[in-house]
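The structure under discussion appears below in the form of structure tokens.
Sequential numbering from 1 along the given sequence is applied to the chain's residues.
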Amino acid sequence: VVKRGPRMNLWRAPTDNDAARLAPRWQAAGLHRLREQPGAISVERLMPQVVRVRADTADPRVGVTSRYDYLVFGSGDVLLEHTVELIEDLPPLPRIGVKLVLPGEYQEFAWYGRGPHETYSDRKQGARVGVYHTMVRSELVPYVTPQEYGNRTGVRWAALTDGHGVGLLAVGQPLLNVSAHQYTARDLAQARHAHQLTPRKDIILNLDLAQSGLGSESCGPGVLPQYRLADGRYSYRLRLRPLSGTGESPTELSKQVLPIFETTE
């Protein structure tokens with residue numbers, strides 16, 4: 001169901017508004033080449049049907065440490081608590097979250113959140129909360145210069161499935177920013193025109209605690225302070241569940257309550 005990840009993600013393909021000032025600072029900080037180095041890893045059986053896997057990672061070059069606390073349930077559910085700590089001299093961040101690589105056949109993209117079009121923290125007032133459906137292959141927004149696209153805010157749950165309903169459900173606790181691409185952020189950043197993009201066979205799923213606002217710096221002011229992501233400590237939870245294609249309702253599954261075991265040092 002998941003080919004790679006979750007892996008920490010702090011970067012986005014620069015938008016036209018990012019290009020002048022923020023993008024060079026992101027690159028200087030190394031956000032585009034984040035490489036997590038594994039640290040301590042532990043496994044603990046909490047109950048007969050629940051195992052906790054804890055993994056610490058760091059990238060000293062960027063100045064970021066991370067802890068992944070996974071609760072793995074016999075039902076197939078995985079509850080992830082992700083904590084990120086950032087040094088004080090980093091620039092305002094593009095995003096804070098994780099990315100996963102999924103099989104390319106999971107083209108059907110459904111979510112319960114703002115839509116149907118892309119939204120960001122400072123671009124969402126015109127999008128109603130509801131359940132929406134689209135195809136990943138049709139998500140690309142044809143900007144003249146390829147860049148970040150397709151983010152959805154206020155997401156309660158998102159599902160990527162094939163034509164038989166087999167796939168992955170991600171549930172925000174409480175809310176996520178979600179996008180699904182057939183291109184990596186590097187693909188988008190390196191292309192100067194849309195015709196230079198070649199869709200990948202896999203799907204990149206971004207599950208974010210938050211993403212920076214867009215601002216309007218290409219023709220006006222930058223991102224307002226309330227829509228920036230500063231350095232510091234961030235922690236959030238999300239739930240992953242495989243879908244078997246037997247008619248499970250993502251809405252009903254998202255309402256299920258899993259036991260939370262407090263983390264210990």
Item to check | Heavy-atom side-chain proximity of Leu34 to Val64 below 4.5 angstrom | outcome: yes
Checklist entry - Is it true that atom CZ of Arg123 has more than 12 heavy atoms of other residues, nucleotides or ligands lying nearer than 6.0 Å? => result yes
Checklist entry - Judged by atom type as modelled, is there a donor-acceptor pair below 3.5 Å linking the side chain of Asp122 to the main-chain atoms of Leu214? => result yes
Checklist entry - Okay, side chain of Asp162, backbone of Val166: is any donor-acceptor separation there less than 3.5 Å? => result yes
Item to check | Gln196 (side chain) donor-acceptor with Arg192 (main chain) under 3.5 angstrom | outcome: yes
Item to check | Those residues that, when tested against Asn9, pass side-chain hydrogen bond (donor to acceptor under 3.5 Å, both in side chains) (two or more places apart) | outcome: Asn206
Checklist entry - Any donor-acceptor pair under 3.5 Å linking the side chain of Arg52 with the backbone of Val43? => result no
Item to check | Any donor-acceptor pair under 3.5 Å from Ser216 side chain to Cys219 backbone | outcome: no
Item to check | Chi angles and distances behind the side-chain contact (heavy atoms from CB on, under 4.5 Å) call for Arg54, Glu44 | outcome: CA-CA 9 Å; Arg54 171 174 292 166; Glu44 179 184 7; over 6 Å; no
Item to check | Minimal non-hydrogen separation, Leu243 against Gly165, with atom names | outcome: CB-O, 3.6 Å
Checklist entry - Atom OG in Ser121, atom CG in Leu224: separation rounded to 0.5 Å? => result 9.5 Å
Checklist entry - Going through the checks in order, is the side-chain hydrogen bond (donor to acceptor under 3.5 Å, both in side chains) test met by Asn177 and Thr153? => result CA-CA 5 Å; Asn177 281 240; Thr153 58; 5.6 Å; no
Item to check | Pairwise ring-ring contact (aromatic ring centres under 6.0 Å, His included) hits with a residue in residues 224-243, at least two apart | outcome: His82-Tyr236
Checklist entry - Are Gln182 and Arg137 linked by a side-chain donor-acceptor pair shorter than 3.5 Å? => result no
Item to check | Minimum side-chain heavy-atom gap Arg156-Leu175 below 4.5 Å | outcome: yes
Item to check | Ion pair Asp59/Arg61, N-O distance below 4.0 Å | outcome: yes
Next on the checklist: In this structure, would Trp157 and Ile203 fall into the same cluster of hydrophobic residues linked by side-chain contacts under 4.5 Å?
Outcome noted: no
Checklist outcome for this item: In terms of heavy-atom contacts, Ala13 and Ala185 come closest through CB-O, 3.6 Å
Checklist entry - Do Val136 and Leu140 share a hydrophobic cluster (ILVMFWY, side-chain heavy atoms under 4.5 Å, transitive)? => result no
Checklist entry - Just by distance, with hydrogens left out, do Asp16 and Gln147 show a side-chain donor and acceptor under 3.5 Å apart? => result yes
Checklist entry - Is a side-chain donor or acceptor of Asp202 paired with a backbone partner of Pro103 at a separation under 3.5 angstrom? => result no
Item to check | Closest non-hydrogen atom pair between Pro91 and Ala29, with its separation | outcome: CD-CB, 3.9 Å
Checklist entry - Are Val78 and Leu71 side-chain neighbours, meaning at least one heavy-atom pair lies under 4.5 Å? => result no
Checklist outcome for this item: Note: Glu36 and Met8 closest approach over all heavy atoms is OE1-N, 3.0 Å
Checklist entry - Do Leu229 and Pro92 touch side chain to side chain, with heavy atoms closer than 4.5 Å? => result no
Next on the checklist: Could you work out, with side chain to side chain contact (heavy atoms under 4.5 Å, CB included) as the rule, every residue matching Ala158, not counting sequence neighbours?
Outcome noted: Phe109, Trp111, Val155, Val178
Next on the checklist: Testing the basics here: between Leu102 and Lys3, what is the closest heavy-atom pair and its distance to 0.1 Å?
Outcome noted: C-CD, 4.0 Å
Next on the checklist: Test of understanding: clusters of I, L, V, M, F, W, Y form through side-chain heavy atoms closer than 4.5 Å, transitively. Do Val1 and Val101 belong to the same one?
Outcome noted: no
Checklist entry - Which atom pair, heavy atoms only, marks the closest approach of Ala127 to Thr119? => result CB-CG2, 3.4 Å
Next on the checklist: Quick one, Leu22 and Asn17 - any side-chain contact, counting heavy atoms below 4.5 Å?
Outcome noted: no
Checklist entry - Counting N and O atoms only, with roles assigned by atom type, does the side chain of Arg12 sit under 3.5 Å from a partner on the main chain of Ser212, one being a donor and the other an acceptor? => result yes
Checklist outcome for this item: Only one of Asp77, Leu80, Leu100, Leu79 passes side chain to side chain contact (heavy atoms under 4.5 Å, CB included) with Leu240, and that residue is Leu100
Checklist entry - What pairs with Arg33 under salt bridge (Lys or Arg N to Asp or Glu O under 4.0 Å), at least two apart in sequence or on another chain? => result none
Next on the checklist: Tyr120 vs Glu148, test: side-chain hydrogen bond (donor to acceptor under 3.5 Å, both in side chains). Steps then yes/no.
Outcome noted: CA-CA 11 Å; Tyr120 293 83; Glu148 162 67 29; 3.1 Å; yes
Checklist entry - Are any of the side-chain nitrogens in Glu139 or Arg152 under 4.0 Å away from the carboxylate oxygens of its partner? => result yes
Next on the checklist: Applying a strict under-4.5 Å side-chain criterion to I, L, V, M, F, W and Y, I'd like to know whether Leu253 and Tyr112 cluster together.
Outcome noted: yes
Checklist entry - Pairs in or reaching into residues 164-204: which pass ring-ring contact (aromatic ring centres under 6.0 Å, His included), with residues at least two apart or in two chains? => result Tyr149-His181, His193-His195
Next on the checklist: Could you tell me if the side chain of Val50 sits less than 4.5 Å from the side chain of Val72, heavy atoms only?
Outcome noted: no
Item to check | Check: Glu248 side chain, Ser244 main-chain N or O, donor-acceptor pair, under 3.5 Å | outcome: yes
Checklist entry - Taking atom CD of Gln49 as the centre, does the number of heavy atoms from other residues, nucleotides or ligands within less than 6.0 Å exceed 12? => result yes
Checklist entry - Do Glu118 and Asn151 pass the side-chain hydrogen bond (donor to acceptor under 3.5 Å, both in side chains) test, and can you show the C-alpha distance, the side-chain angles, and the key distance before you say yes or no? => result CA-CA 5 Å; Glu118 62 177 9; Asn151 188 64; over 6 Å; no
Next on the checklist: In this structure, would Leu258 and Tyr70 fall into the same cluster of hydrophobic residues linked by side-chain contacts under 4.5 Å?
Outcome noted: no
Checklist entry - Would you say the side-chain atoms of Gln107 pair up with the backbone N or O of Gly104, donor to acceptor, closer than 3.5 Å? => result yes
Item to check | ring-ring contact (aromatic ring centres under 6.0 Å, His included) involving Tyr106 - partner list, sequence neighbours excluded | outcome: none
Next on the checklist: Measuring from atom CG of Leu188 to atom CZ of Arg186, what distance do you get when rounded to the nearest 0.5 angstrom?
Outcome noted: 11.5 Å
